Amino acid sequence: MNTHTRTDADTDRTAPSPEPRLDVIGIVTADMGASLAFYRLLGLDLPAGAESAPHVELALPGGVRVLWDTEDVVRSFDPSWTRPPGGGERVALAFRCADPARVDAVYETLTAAGHRGHLKPWDAVWGQRYAVVLDPDGTGVSLYADRGPAT
């Protein structure tokens with residue numbers, strides 16, 4: 001992942017901590033336009049026209065950044081990089097929804113837009129409504145919400 005590009009969020013950061021902290025979530029994509037369109041459907045405010053860029057980044061509230069790099073960008077600094085076999089996981093992401101009904105609605109929005117559902121919404125034993133949709137590169141993106149106390 002190309003983590004060297006500075007953003008406006010960098011100027012708001014305090015001095016580096018002696019302990020590592022999560023700073024970047026990186027996504028390697030085969031199709032930048034398709035990937036950005038998918039994540040826009042999940043509410044990420046990505047810059048217009050970014051589809052043609054080989055590298056895109058977005059600062060999230062709290063300062064963590066999400067970066068997208070094309071496979072060619074990754075190969076430019078890591079010539080031995082290869083796509084995971086079978087389109088396997090490149091990163092794991094989970095989006096918290098406001099409530100269980102919203103999990104179902106977001107799952108429906110994404111699958112209606114042509115994205116592949118992996119696990120339809122279900123009530124998980126750990127107390128959440130949960131679903132998984134695959135992004136255009138085959139990465140599982142979890143959708144979840146707390147179910148609340150049993151009635």
Side-chain angles (χ1 to χ4, degrees), residues 1-84 86-121 124 128-146:
M1 286 282 111
N2 175 1
T3 60
H4 302 292
T5 304
R6 307 284 298 172
T7 66
D8 291 340
D10 290 328
T11 59
D12 298 330
R13 295 182 188 186
T14 59
S17 165
E19 295 299 322
R21 70 173 183 82
L22 179 63
D23 180 57
V24 170
I25 299 166
I27 299 171
V28 178
T29 183
D31 183 335
M32 185 67 78
S35 187
L36 297 182
F38 176 86
Y39 289 100
R40 281 185 182 114
L41 287 172
L42 284 166
L44 295 184
D45 187 20
L46 290 151
E51 296 76 14
S52 61
H55 171 84
V56 176
E57 69 179 73
L58 174 69
L60 300 174
V64 173
R65 295 174 292 151
V66 181
L67 309 180
W68 287 260
D69 284 304
T70 63
E71 293 175 348
D72 288 341
V73 166
V74 174
R75 283 189 203 101
S76 76
F77 62 83
D78 183 0
S80 66
W81 185 88
T82 59
R83 183 182 295 167
E89 295 294 318
R90 297 167 188 237
V91 69
L93 298 173
F95 284 76
R96 183 182 193 104
C97 298
D99 56 52
R102 189 76 181 126
V103 171
D104 294 12
V106 172
Y107 181 90
E108 177 59 33
T109 296
L110 291 169
T111 56
H115 300 290
R116 218 172 31 180
H118 180 66
L119 297 173
K120 291 182 179 181
Q128 294 174 329
R129 184 73 173 166
Y130 211 91
V132 178
V133 178
L134 302 180
D135 80 359
D137 294 296
T139 299
V141 175
S142 298
L143 309 170
Y144 73 96
D146 294 330

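Side-chain atoms are counted along with the backbone in the values below, which use heavy atoms only and exclude waters and symmetry mates. A quick note: this is a predicted structure, and the numbers were derived from the prediction, not measured.
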Are [X] and [Y] close enough that some pair of their side-chain heavy atoms sits under 4.5 Å apart?
{"X": "Y39", "Y": "V141", "value": "yes"}
{"X": "Y130", "Y": "P121", "value": "no"}
{"X": "D23", "Y": "V64", "value": "no"}

Problem - Polar side chain donor-acceptor pair, W68 to T29, under 3.5 angstrom - result: no
Exercise for the section: Could you walk me through whether D99 and R129 pass salt bridge (charged side-chain N to carboxylate O under 4.0 Å, His left out), step by step? Expected result: CA-CA 8 Å; D99 56 52; R129 184 73 173 166; over 6 Å; no
Nearest heavy-atom neighbours spanning [X] and [Y]:
{"X": "A34", "Y": "P136", "answer": "O-CG, 3.3 Å"}
{"X": "A30", "Y": "R83", "answer": "CB-NH2, 3.7 Å"}
{"X": "C97", "Y": "L143", "answer": "SG-CB, 4.4 Å"}
{"X": "D45", "Y": "L58", "answer": "O-CD1, 3.3 Å"}

Can you measure from [atom1] ([X]) to [atom2] ([Y]) and round to the nearest 0.5 angstrom?
{"X": "E71", "Y": "S76", "atom1": "CD", "atom2": "OG", "value": "12.5 Å"}
{"X": "L46", "Y": "M32", "atom1": "CG", "atom2": "CE", "value": "10.0 Å"}
{"X": "I25", "Y": "L60", "atom1": "CD1", "atom2": "CG", "value": "6.5 Å"}
{"X": "F38", "Y": "L110", "atom1": "CZ", "atom2": "CG", "value": "5.0 Å"}
{"X": "H118", "Y": "S142", "atom1": "NE2", "atom2": "OG", "value": "9.0 Å"}

Check whether [X] reaches the backbone of [Y] with its side chain - one donor and one acceptor, N or O, closer than 3.5 Å.
{"X": "D69", "Y": "V28", "answer": "no"}
{"X": "E108", "Y": "V106", "answer": "no"}
{"X": "T111", "Y": "Y107", "answer": "yes"}
{"X": "T139", "Y": "D135", "answer": "no"}

Completion exercise
Paired with I27, the side chain to side chain contact (heavy atoms under 4.5 Å, CB included) test is passed by just one of L93, V56, L67, namely L93
Completion exercise
Residue set satisfying side-chain hydrogen bond (donor to acceptor under 3.5 Å, both in side chains) with R116, at least two apart, ordered chain then number -> none
Problem - Qualifying residues under side-chain contact (heavy atoms from CB on, under 4.5 Å), relative to D72, sequence neighbours excluded - result: T70, R75
